[in-house]
Protein chains: 2
Amino acid sequence: MSTAAEPGLRERKKAATRQALHAAAMRLAIEHGFDRVTVEAVADEAGVSRRTFSNYFGSKEEALLYGDYQRIHLLIEQVRARPAAETPWAALTAAAEQFYLKLGDLDPQWIAQSRLVRAQPALVAAQVQTFAALERDLSTEIAARTGDDPSGVRVRMTSAAFLASLRVALHIWLDKPPGTNLWDLVSEALAEAGRGFES
Amino acid sequence: MSTAAEPGLRERKKAATRQALHAAAMRLAIEHGFDRVTVEAVADEAGVSRRTFSNYFGSKEEALLYGDYQRIHLLIEQVRARPAAETPWAALTAAAEQFYLKLGDLDPQWIAQSRLVRAQPALVAAQVQTFAALERDLSTEIAARTGDDPSGVRVRMTSAAFLASLRVALHIWLDKPPGTNLWDLVSEALAEAGRGFES
DNA sequence: TTCTCAAAGCGCAAACTTGCGCAATAGGCA
DNA sequence: TGCCTATTGCGCAAGTTTGCGCTTTGAGAA
């Protein structure tokens, strides 16, 4: 029961199935377009039943966005690795920077394809849920750093503002021509939130 | 085609139906509990078919939260009435204050009942969508005040931070004992966002 | 007033979501 | 090694969501 211990065969299988469903959804969505993909086809492609699909994901959108979920979750874990001396916001922005700079090294072909999928209105809407689902986790992380109450207004707002920065930057990025640098937008959004809005 | 002109009988009927569906959903949810209410029952209560329900709302949650949607929308419109000399954030906080202070005058009985309904996990999750749906509207309002681009990072972030303040305060409020003052929490959240997070 | 058209209500069908219960199986325990 | 229990996969059924097309009705033009 340590922070991230032994996988165990059972959990491995589960993770594999989830990953397979996500990958299958991505593949089919890129190939045939978002709304020409049925849950049945995805489940089929991943080798499980439709019912099992629903045991893993509540909707097609969730399955597609699971990649984003994992990535942001990873980013949140990187926050923990930041020096304890850093303030929460410093740790967050530093983690975001190392995270998004690495993201730039990905296959441009793949980025272009997934961009098309993510621009789908239904997915943009669902993305909000993905980020909101991570607010608790991030609050816990921030509170652990300062020893504050994870449910306090300050902690919750820091968490919300950070995730809102990522989300807003991503939305703006999707509206811009391909090739636009995402980190520049994230960086600008974080700076605005850092500086505050009352001035 | 002025800012808010003649309703027209057609639009009136539409608004009435939407309102009737929302009211019916609230009534039944308060009476029987959120998950014992079917769309069919709501449509029935409002005197339309299930199909028509879906023409107005994408889900039970949306119908329930339509009240919140209207209220926040109203708040956004009140922002427009603030003096042009005020900065965006000053106008937003001032509008929020007059808005939430008036909200305190509502029937405590009704507040207690709707609190129970809103605490439902499915609704808390859906609430995020409700607020996100208003980000564009609010961005337009803020941009109009300063002459900025409504899609700029600063405007979008101001909008997101303001709505996040309302949302986070609301979530915290739902977790607190009944009778807690909502405006106090909103005020604190707005102050945090106003001051910024980097210090 | 009457005609025309677009929007609204709705039935139908296909797809999606979700609680329930049963069968297979991983993992712990004797 | 062999049993016990909780978890996972999945079929089924009830309920929900959504595209399509038909019918009705408000609103503007003739």
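Note on naming: letters A, B, ... go to the chains in the order of the sequence lines (proteins, then strands), and numbering restarts at 1 for each one.
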A:Glu141 and A:Arg80: CA distance, side-chain angles, deciding distance, salt bridge (Lys or Arg N to Asp or Glu O under 4.0 Å) verdict:
CA-CA 7 Å; A:Glu141 207 54 65; A:Arg80 197 177 311 152; 3.0 Å; yes
Tell me whether B:Asp68 is salt-bridged to B:Arg71, with the criterion being a basic N under 4.0 Å from an acidic carboxylate O.
yes
Which distance, rounded to the nearest 0.5 Å, do you find between the CE of A:Met157 and the OG of B:Ser165?
3.5 Å
Would you give the length of the straight line joining atom CZ of A:Phe162 to atom OG of A:Ser139, rounded to the nearest 0.5 angstrom?
12.0 Å
[X] [atom1] - [N] [atom2] separation (whole Å):
X       : N      : atom1 : atom2 : result
A:Asn55 : C:dT18 : CG    : P     : 11 Å
B:Arg50 : C:dA8  : CZ    : P     : 21 Å
B:Glu40 : C:dC10 : CD    : C1'   : 14 Å
A:Glu62 : C:dT17 : CD    : P     : 9 Å

Validation row: [X], [Y] side chains within 4.5 angstrom (heavy atoms):
X        : Y        : answer
A:Val79  : A:Ile142 : no
B:Glu198 : A:Thr93  : no
A:Phe131 : A:Glu135 : no

Ring-face cation contact, A:Trp173 with A:Arg115, 6.0 Å cut, 45° max:
yes
Nucleic acid contacts of residues 13-30 of chain B, taken as heavy-atom distances under 4.0 Å to DNA chain D
B:Lys13
What nucleotide, of C:dC16, C:dT17, C:dC10, holds the atom closest to the side chain of A:Thr38?
C:dC16
Can you list everything that forms a side chain to side chain donor-acceptor pair (under 3.5 Å) with A:Glu40? Sequence neighbours excluded, please.
A:Arg50
Considering every strand and a 4.0 Å limit on heavy-atom distances, what is the contact class for [X]: base, sugar-phosphate, or nothing?
X       : value
B:Val37 : sugar-phosphate
B:Tyr56 : sugar-phosphate
A:Ser54 : base

When the nearest nucleotide of DNA chain D is assigned to B:Glu61 and to B:Arg10 on a heavy-atom basis, which residue is associated with the more 5' position?
B:Glu61
In the 5' to 3' direction, the nucleotides of DNA chain D bounding the stretch that comes under 4.0 Å of a heavy atom in chain B are D:dT16 to D:dA27
Donor-acceptor pair under 3.5 Å, B:Arg51 side chain vs C:dG9 base
no
Within the pair B:Thr52 and C:dG9, is there a side-chain N or O less than 4.0 Å away from OP1 or OP2?
no
